[in-house]
Amino acid sequence: MRRKLIAGNWKMNGLKEEGLKLAKAVAEKCRGNLSFDVLICPPMNLLGLIGNQEHTNVLLGAQDVAETTKTAGAFTGDVSAEMVKDLGAACAIVGHSERRTLHHETNAVVCQKAQNAIQAGLTAVICIGETEAERDNNQALEVVARQIKESVPTNATAENCVIAYEPVWAIGTGKTPTTNDVAQMHAAIRHELATLLGSQTADNMRILYGGSVKPTNAKELLAVENVDGALIGGASLKIDDFWGIASTQL
Ligand code: PEP
C-alpha cells in the first residue's frame with residue numbers, strides 16, 4: 001500500500017519571517033496522526049531555520065543538491081546532499097523542469113544529483129515531464145520513458161526515491177492534463193520503472209502528479225490510479241490552499 005505524499009515546492013519564495021510562519025502553520029495543521037505524508041521544500045535560506053524547529057510531523061526537503069560527488073570542497077554556490085541532510089532535510093527534489101530548462105540540467109546530471117541525495121541518506125524526488133511541444137507531437141510517453149531510464153539511478157528503491165510527473169506546460173499555468181491522460185502517463189511511468197528496477201520496487205514507488213494542483217482539482221487528480229500524491233508549487237505558499245489540497249486526503 002503506497003502512502004500518499006503531499007509535497008510543497010516553495011521555489012525561490014520566503015524571507016525568514018514569512019517562511020517560518022508558513023512552516024509553523026503547516027506543522028500546526030499536521031499535528032496528530034495523518035494517513036498521508038506531508039513534505040515542504042523551502043528555499044535553502046530557510047532550510048536550517050525550519051530544520052531547527054521543534055519536532056513536527058512535516059518532512060523537510062531541499063529543492064536541489066550539488067552535482068559533484070564530493071561532499072565538500074571548492075564548489076562555490078553549491079550545497080551538497082550531505083549538507084542538506086545535516087540541516088534536517090529528509091528529501092531533495094532533483095530535476096525540476098525549472099532546473100532542467102534554466103540551468104540546462106540533463107538527465108545525466110539529474111541522475112548524478114539523485115545518486116548524491118540517496119548516498120547522503122535522503123529520498124530523491126525526481127521530476128520528469130514533457131513540454132507542450134512534445135505532447136503536441138505525440139512524444140510525451142517517449143520523452144518521459146527516456147527521462148526515467150536516464151535520470152533514475154539503478155539503485156533507486158521505493159524508500160529512497162519518489163517520482164514526480166510534472167508536465168512542463170502545466171506548471172504554474174493553471175492548465176492540467178485530463179484525468180485520463182494522467183492515468184495513462186502514470187501507468188506508463190510505473191511500467192518503465194518496473195523495466196528499470198523490477199516490478200516489486202516499481203509497485204511500491206510513489207509517483208506524484210505536479211502541475212497546477214489546487215484545492216478545487218486535488219481530489220479528482222489524487223483519486224486517479226497510480227497517483228500517489230502531489231507536488232505543489234504556487235498553492236504551497238498559502239496555508240489555506242496547501243491545506244485545502246492536503247485535507248482532501250483526510
Ligand atoms: C512545481 O513547480 O513543481 C509546480 C507543480 O508548480 P505549480 O503547482 O505552481 O504548477
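As the structure lists them, so they are numbered: ligands from 1, and atoms in each ligand from 1. Just so it is clear, the model here is predicted, and its values are computed rather than measured.
Shown here for Ser236 and Trp10, the closest heavy-atom pair between the two residues is OG-CD1, 3.4 Å.
Judged as a ring pair (Phe, Tyr, Trp, His ring centres under 6.0 Å), and not counting sequence neighbours, Tyr209 has no contacts.
At least one heavy atom of Ser212 sits closer than 4.0 Å to an atom of ligand 1.
Considering Ala235, Gly174, Gly233 only, the shortest heavy-atom separation from atom 7 (P) of ligand 1 involves Gly233.
In this structure a side-chain-to-backbone donor-acceptor pair under 3.5 Å is present from Asn116 to Thr68. Within the 3.5 Å criterion, the main-chain N or O of Cys41 finds a donor-acceptor partner in the side chain of Gln63.
The protein atom (non-hydrogen) at minimum distance from atom 3 (O) of ligand 1 is Glu166 OE2, 2.7 Å. Protein heavy atom closest to atom 1 (C) of ligand 1, with residue, atom name and distance, is His96 NE2, 3.2 Å.
Side-chain polar atoms of Arg206 and Thr123 form no donor-acceptor pair below 3.5 angstrom.
Counting atoms of ligand 1 from 1 in the listed order, those under 4.0 Å from a heavy atom of Gly172 are 7 (P), 9 (O), 10 (O). Short contacts between ligand 1 and Lys11, defined as distances under 4.0 Å to a heavy atom of the residue, involve ligand atoms 1 (C), 2 (O), 6 (O). Residue contact check: Ile171 has heavy atoms under 4.0 Å from atoms 1 (C), 2 (O), 4 (C), 6 (O), 10 (O) of ligand 1. Atoms of ligand 1 lying under 4.0 Å from any heavy atom of Gly211, numbered from 1 in the order shown and given with element: 5 (C), 10 (O). Close contacts of ligand 1 with Gly234, meaning ligand atoms under 4.0 Å from a residue heavy atom, involve 7 (P), 8 (O), 9 (O). In summary, the atoms of ligand 1 found under 4.0 Å from a heavy atom of Ala170, numbered by their order in the structure, are 10 (O). Near Asn9, with a cut-off below 4.0 Å to any heavy atom, the atoms of ligand 1 are 2 (O), 3 (O).
At a threshold of 4.0 Å, the pair Lys21-Glu17 does not count as salt-bridged, since none of the basic side-chain nitrogens sits closer than that to a carboxylate oxygen. Residues Asp78 and Lys70 are not paired through a salt bridge, judged by the lack of any N-O separation under 4.0 Å between the basic side chain and the carboxylate.
Among the atoms of Thr173, none of the N or O lies under 3.5 angstrom from an N or O of ligand 1.
Applying side-chain hydrogen bond (donor to acceptor under 3.5 Å, both in side chains) to Asp228 and the options Lys4, His186, Arg190 leaves one that passes, Arg190.
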